[in-house]
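A quick write-up on the structure given underneath.
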Amino acid sequence: MSGTKQSSPTAGTGVASRARWLALSVLVLAVLLVAVDATVLGLATPSLSEDLGPSGTQLLWIGDIYSFVIAGLLVSMGSLGDRIGRKKLLLAGATAFGAVSVLGAYATSPEMMIVARALLGVAGATLMPSTLALIRNIFHDPKERSLAIGIWGATASAGAAVGPVVGGALLQHFWWGSVFLINLPVMAALVIVGIKLLPESKNPVAGPWDLVSVGLSLVGVISVVYAVKEAATHGLTPEVAGTAALGAAALYAFVRRQFTLPSPLLDMRLFRHRGFSGAVLADLLTVFGLSGLVFFLSQFLQLVQGREPLEAGLAELPAAVGAVVTGLVAGRYARRYSVRSIVAGGLGAIGLALGALTLLHKESGYPLLGAALLVVGLGAGFSFTVTADVILSSVPKEQAGSASAVSETAYELGAALGIALLGSIVTGVYQGFTAPATVTGPVADAAHESLGGAVEAAKAVDPATATQMVGAAQDAFVDGLRLASGVGAAVLLATAVAAWFLLKGQELQEGAGH
């Protein structure tokens, strides 16, 4: 598998040298936009809450339904790209992504916003596996491919961190819908340039696309993630248990079906390889830490520390800088030292940074936040980039779509779980805060829904009561953020230890790909 070393052929095999890197620039544009879209709403949450009036549960769904749907469809879309052509699927998805962005921008209710975010997830699911699969087929030399994956990985990690900056800049001058409309010119450029620059590739013997497997994958992933999210917020209710059982049954049926199909959507035998499974786990939990942190620090910086949206976005920039720096050199360091040391070290760094945030309080100075964000970015760049390389180089190029879909499923599932699980902890602690005795009825209910709701509800009471209520709400939010950071730290440090053992002996290729 990826530990096999062979001699390198001419680097230009398949696509001319200059054209390869120009094609990569188009793919990176798609990755950047999908990654930015996963976090750009973080800073828009306060103004969106004021305008649409979502409940706390609806607010979480607006934040994570995008990633849930992407996670549920990635394997199916990666397999579809293998069959009909990755370029064709990428360009179709980009067109749909732009069109649905308009629906999100002009949503008039929480329900309409949730639907728009779900449809964006469907379109986004066509983009991510296509980009990585095309890289696998464009770059035949392993060292060039590692650099290309490094650029791709740095863009994906940095995009999640840059989202708040983009959102902050737009919100400084426009309404919250502008965070969707920014997609239109980018997607238009991607389609126009991609038609000319991107080569088409697909698996010539892929077989038919199994719609039963598509349905099982979608139902299984979304049901399980929903159940985890609801259990963390409301406990193990009969509804939650039933949803979890439905999801588990669908995923079990999906796996069994893949073993019986002559042309499966996903070759489950890949997971028998310890390195492949370890890389997927590390992928998922790297993004778990990164996305959960970015999403909730956006609210902390604005609603607790009173920063303007653009200032809050810029404050989160160190995570993007760290991810870019280490993403570009991760492949080289993994060859010089070892895959497991780079991945485990990256996971450990994220865990330690999350641990440092357990010291957070309302008046915390920026050095603590900035340092934690920088370390998270550095760790994510190392871990995410190397694991993506391991996953992609483990399979023949004909199966690149399916393999990259596994990597992307881990990425999006990690983003969804980071927001859902860590967010449920924050919300659970927050909703226990004690409002002033004079605050009752709808005002008290709105204040307990979310911190944004408390800030808005404070406008309906006298100034002294408003100050007391908002102060109590902010304290509860910070308590929840500290607890969530501690849980995240424990998960990431445990994963770092697991990755050290699972990736033992794993190497990146030095010679030609398969």
Is there a donor-acceptor contact under 3.5 Å from the side chain of [X] to the main chain of [Y]?
X	Y	answer
Arg482	Leu360	yes
Arg117	Ile65	no
Ser383	Gly346	no
Ser341	Ser338	yes
Ser217	Ser213	no

Just so I know, are the side chains of [X] and [Y] near enough to count as touching, which here means a heavy-atom distance under 4.5 Å?
X	Y	value
Tyr366	Pro318	yes
Thr126	Lys88	no
Thr260	Arg256	no
Val339	Val390	yes
Val325	Phe382	no
Glu144	Trp21	yes
Ile342	Thr385	no
Leu347	Trp500	no

Next on the checklist: Could you work out, with side chain to side chain contact (heavy atoms under 4.5 Å, CB included) as the rule, every residue matching Val214, not counting sequence neighbours?
Outcome noted: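 With sequence neighbours excluded, Val214 shows a side chain to side chain contact (heavy atoms under 4.5 Å, CB included) to Ser76, Trp209, Leu265, given in chain and number order.
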Taking every non-hydrogen atom, the tightest pair across [X] and [Y]:
X	Y	value
Ala372	Leu357	CB-CD2, 3.9 Å
Ala315	Leu373	O-CD1, 3.5 Å
Gly480	Val426	O-CG2, 3.7 Å
Leu27	Ile135	CD1-CG1, 3.8 Å
Ala330	Gly381	CB-O, 4.0 Å
Ala123	Gly93	CB-O, 3.8 Å

In Å, rounded to the nearest 0.5 Å, how long is the span from [atom1] of [X] to [atom2] of [Y]?
X	Y	atom1	atom2	result
Leu369	Leu301	CG	CG	6.0 Å
Leu73	Leu218	CG	CG	5.0 Å
Asp210	Leu80	CG	CG	12.5 Å
Leu483	Thr358	CG	OG1	10.0 Å
Phe300	Leu481	CZ	CG	7.0 Å
Ile350	Leu493	CD1	CG	10.0 Å

Checklist entry - Is there a side-chain contact (heavy atoms from CB on, under 4.5 Å) between Leu127 and Leu90 once you walk through the steps? => result CA-CA 5 Å; Leu127 301 178; Leu90 178 70; 3.6 Å; yes
Next on the checklist: Using side-chain contact (heavy atoms from CB on, under 4.5 Å), reason through Leu352 and Leu492 one step at a time and then give a plain yes or no.
Outcome noted: CA-CA 8 Å; Leu352 291 174; Leu492 267 296; over 6 Å; no
Item to check | Over-ring placement of Arg336 relative to Tyr333, 6.0 Å and 45° cut-offs | outcome: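 Yes.
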